[in-house]
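Numbering of ligands and ligand atoms starts at 1, following listing order.
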Amino acid sequence: MSKPIIILSIESSCDDTAAAIIKDGKLLANIIANQDVHRQYGGVVPELASRAHQQNIIPVVDNAVKKAGINKAEISAIAFTRGPGLMGSLLVGTSFAKSFAMGLNVPLIEVNHMQGHVLAHFISESANPESKIPNTITPAFPFLCLTVSGGHTQIVLVKDYFDMSVIGETIDDAAGEAFDKAAKIMNLPYPGGPLIDKYAKLGNAKRFKFTKPHIEGLNFSFSGLKTGFMNFINTEVSKNPNFVTENLNDICASIQQTIIDILMSKLKVAASQTNIKQIAIAGGVSANSQLRSTLYQMENELDWQVFIPDFAYCTDNAAMIAITGYFKYLQNDFTTQATTPLARYAL
Ligand code: KG4
Ligand code: ZN
C-alpha cells in the first residue's frame, strides 16, 4: 500500500488563525482561533491581528495535529496562504509554514486564499468520524462561484481546479463591508452582517428604498450605497432621535434586500452570459439567510443548481487551504523557501 498523502495547512490572511489536516483528500482536523480583540474597534486592526496570530499559531497547529491523530513525521507537505490579505498576518503564517516545512524536511505549497474559497466546495469530511455532514455533491465544471465576504466580492468562472478567472469584482467595498458599515452607522456592534440578517427576518424589506449603483459589466460597487445609507440615517435621526431603534427591523430588511439585489442582478447576468447554471457561493456573507433563500429560489425560477458549503467552510478556514494544497500536491506544484507573502495576489 502506498504512503498516505497528509497535508497540514495554515491560514492567517486576516483575523482568523487556522490550521487543518487532510489525509488522502479527507478532512481530519479543522481548527480555528478567532480574534475577539477587534470587536471593540468596530473592524479588524491589522497590527493587533498580526500579534494575535503570533500567539495563536502554535497552539492551533498543535491542536490540529492532536485532533487528526497523526504523528508530525507523517506529514507529506505544508500548505499555507500566500495572499491576498493583510501583510503582517500573512507574514506570521508564511514564516511558520516555511520553518515547519524546513524542520520536517517536507515540501511547501503556496495557496491563493481566493482559490481556496472556491475549492472549499471540494472539502470532503467522510473520513472524519465526528462529521455530521454527509459527503455533499460537488459542483461540476464549469461553474460560477460568487465569493462574498468582508474582504472580497468576486464572480469567478471556474473551468477546472486550477483554471479559474475573475469575471466580475467590486471596484470599492466588499459586500460584507457594506453589511458591516451599515450596521456601524446604526450603532450595531462589529461584525454587523449577522445582526442585520437577524433583525431583517422581522422587517419589511419594501419599507425603505436605497439607490443602487449603475456599474458597467459584471463589476460591483458598494461605497455609494454606504454613503446614501449614512445620509438617510442622519436625516431621519435629525428629525427623530429614536428613528433607528423604532424602525430597526425594517431598516435592516431594506438594506439587506438592496445588497442582495445588487449581488443577484450581476450573478444572473454572469450566468446568462456564460450559459452556466451551476452556481456556487463562498465567503462569510453566504451565511446570510435571505441570500441563501434567494439563491435556492433560482433553482426553480432559472433552473440553477446551487452549491452552498457548510458555514465553517464559507468563512475563512484552513480546510480550504488544505484541499487546495492537496490538489497542488497531486500536481507536484511546490514552492521554495524563498517564497514571500503577497498582500495582493491575482487568481
Ligand atoms: O469570510 P469571512 O468570515 O471573513 C472575511 O471577511 O474574509 O466574512 C466575514 C463577513 C463579515 O463582513 C460579516 O458581517 C459577514 O461576513 N457575515 C454576514 C453574515 N454572517 C457573516 N453578512 C450577512 N449576513 C450574515 N448572516
Ligand atoms: Zn476570505
Side-chain angles (χ1 to χ4, degrees), residues 9-18 20 30 32-36 38-39 42-46 49 53 81-86 89-90 93 111-121 145-154 156 166 169-170 173-186 188-201 203 205 222 225-226 252-264 281-295 308-321 324 343-345 347:
S9 66
I10 311 284
E11 155 63 36
S12 71
S13 62
C14 189
D15 61 336
D16 298 307
T17 320
N30 186 34
I32 187 153
N34 307 113
Q35 303 178 0
D36 279 339
H38 307 286
R39 209 169 267 274
V44 177
V45 183
H53 281 306
T81 303
R82 186 181 182 196
L86 301 171
S89 293
L90 290 165
V111 174
N112 181 310
H113 178 87
M114 302 310 295
Q115 198 164 39
H117 270 303
V118 173
L119 296 182
H121 288 87
C145 184
L146 174 71
T147 311
V148 269
S149 73
H152 347 278
T153 301
Q154 294 186 335
V156 184
V166 177
E169 65 188 326
T170 183
D173 292 350
E177 244 178 314
F179 272 103
D180 297 338
K181 287 180 177 173
K184 197 171 179 181
I185 292 165
M186 293 187 283
L188 296 175
Y190 173 84
L195 290 170
I196 291 186
D197 189 0
K198 181 178 144 197
Y199 297 124
K201 288 196 177 108
F222 290 100
L225 178 64
K226 174 194 67 190
C252 287
S254 303
I255 190 71
Q256 172 174 284
Q257 189 64 57
T258 311
I259 295 170
I260 290 170
D261 286 348
I262 296 170
L263 292 172
M264 289 304 298
I281 185 168
V285 179
S286 44
N288 186 271
S289 48
Q290 174 80 24
L291 179 58
R292 284 171 176 247
S293 59
T294 309
L295 281 166
I308 307 179
D310 186 62
F311 183 59
Y313 309 133
C314 285
T315 55
D316 287 350
N317 66 87
M320 69 187 199
I321 305 303
T324 310
R344 286 171 174 271
Y345 188 4
L347 257 187

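Contacts of K226 classified as salt bridge (Lys or Arg N to Asp or Glu O under 4.0 Å), with partners at least two apart in sequence or in another chain: D173. By the ring-ring contact (aromatic ring centres under 6.0 Å, His included) test, H53 pairs with no residue at all, sequence neighbours left out. With sequence neighbours left out, the side-chain contact (heavy atoms from CB on, under 4.5 Å) criterion links E169 to Q154, V166, N219.
The side-chain heavy atoms of H113 and S13, taken from C-beta on, include a pair separated by under 4.5 Å. Between T81 and S12, the closest side-chain pair of non-hydrogen atoms is not below 4.5 Å. Considering only heavy atoms from C-beta on, I255 comes within 4.5 Å of L225 through its side chain. Looking only at side-chain heavy atoms (C-beta outward), V118 and T147 come within less than 4.5 Å of each other. Contact of the P309 side chain with the M320 side chain is not registered, since no non-hydrogen atoms from C-beta on lie closer than 4.5 Å.
By the 3.5 Å distance cut-off applied to N or O atoms, H117 is not counted among the residues near ligand 1. In terms of polar-atom proximity, defined here as any N/O pair under 3.5 Å, P191 makes no such contact with ligand 1. For the pair F179 and ligand 1, the shortest N or O to N or O distance does not fall below 3.5 Å. Note: an N/O pair closer than 3.5 Å links G193 and ligand 1 by distance alone. Considering backbone and side-chain atoms alike, N288 places an N or O below 3.5 Å from some N or O of ligand 1. Residue G283 has no nitrogen or oxygen atom sitting less than 3.5 Å from a nitrogen or oxygen atom of ligand 1, judged on distance alone.
Nearest heavy-atom pair, N112 versus P84, reported as atom, atom and distance to 0.1 Å: OD1-CD, 3.7 Å.
With D16, D180, T147 as candidates, the residue nearest to atom 14 (O) of ligand 1 on a non-hydrogen basis is D180. Among G284, A175, A282, A200, the residue whose heavy atom lies closest to atom 21 (C) of ligand 1 is G284.
Only protein N, O or S atoms were scored, and 4 of them lie under 2.8 Å from the Zn ion (ligand 2).
Only the side chain of D197 comes within 4.0 Å of ligand 1, judged by heavy-atom distances. Contact annotation for T315 and ligand 1: heavy atoms of both the backbone and the side chain come within less than 4.0 Å of the ligand.
Within the 4.0 Å heavy-atom cutoff, P194 counts among the residues contacting ligand 1. Within the 4.0 Å heavy-atom cutoff, H152 counts among the residues contacting ligand 1.
Protein heavy atom in closest approach to atom 10 (C) of ligand 1: G150 N, 3.4 Å. Counting protein heavy atoms only, atom 15 (C) of ligand 1 is closest to V285 CG2, 4.0 Å. Among protein heavy atoms, atom 7 (O) of ligand 1 sits closest to D316 OD2, 3.0 Å.
Between the side chain of D197 and the backbone N or O of A200 there is no donor-acceptor pair closer than 3.5 Å.
Counting only N and O atoms by type, the side chains of Q256 and T258 include no donor and acceptor under 3.5 Å apart.
Results of the side chain to side chain contact (heavy atoms under 4.5 Å, CB included) test with N288 over V148, I260, L295 single out I260 as the only residue that passes.
When each atom of ligand 1 is checked for a heavy atom of G151 under 4.0 Å away, the hits are 6 (O). Counting atoms of ligand 1 from 1 in the listed order, those under 4.0 Å from a heavy atom of G176 are 12 (O).
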- [ ] Begin with the C-alpha distance, continue with both residues' side-chain angles, and end with the deciding distance and a verdict on side-chain hydrogen bond (donor to acceptor under 3.5 Å, both in side chains) for Q115 and T324.
- [x] CA-CA 8 Å; Q115 198 164 39; T324 310; over 6 Å; no
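Counting non-hydrogen atoms of other residues, nucleotides and ligands closer than 6.0 Å to NZ of K201 gives a total above 12.
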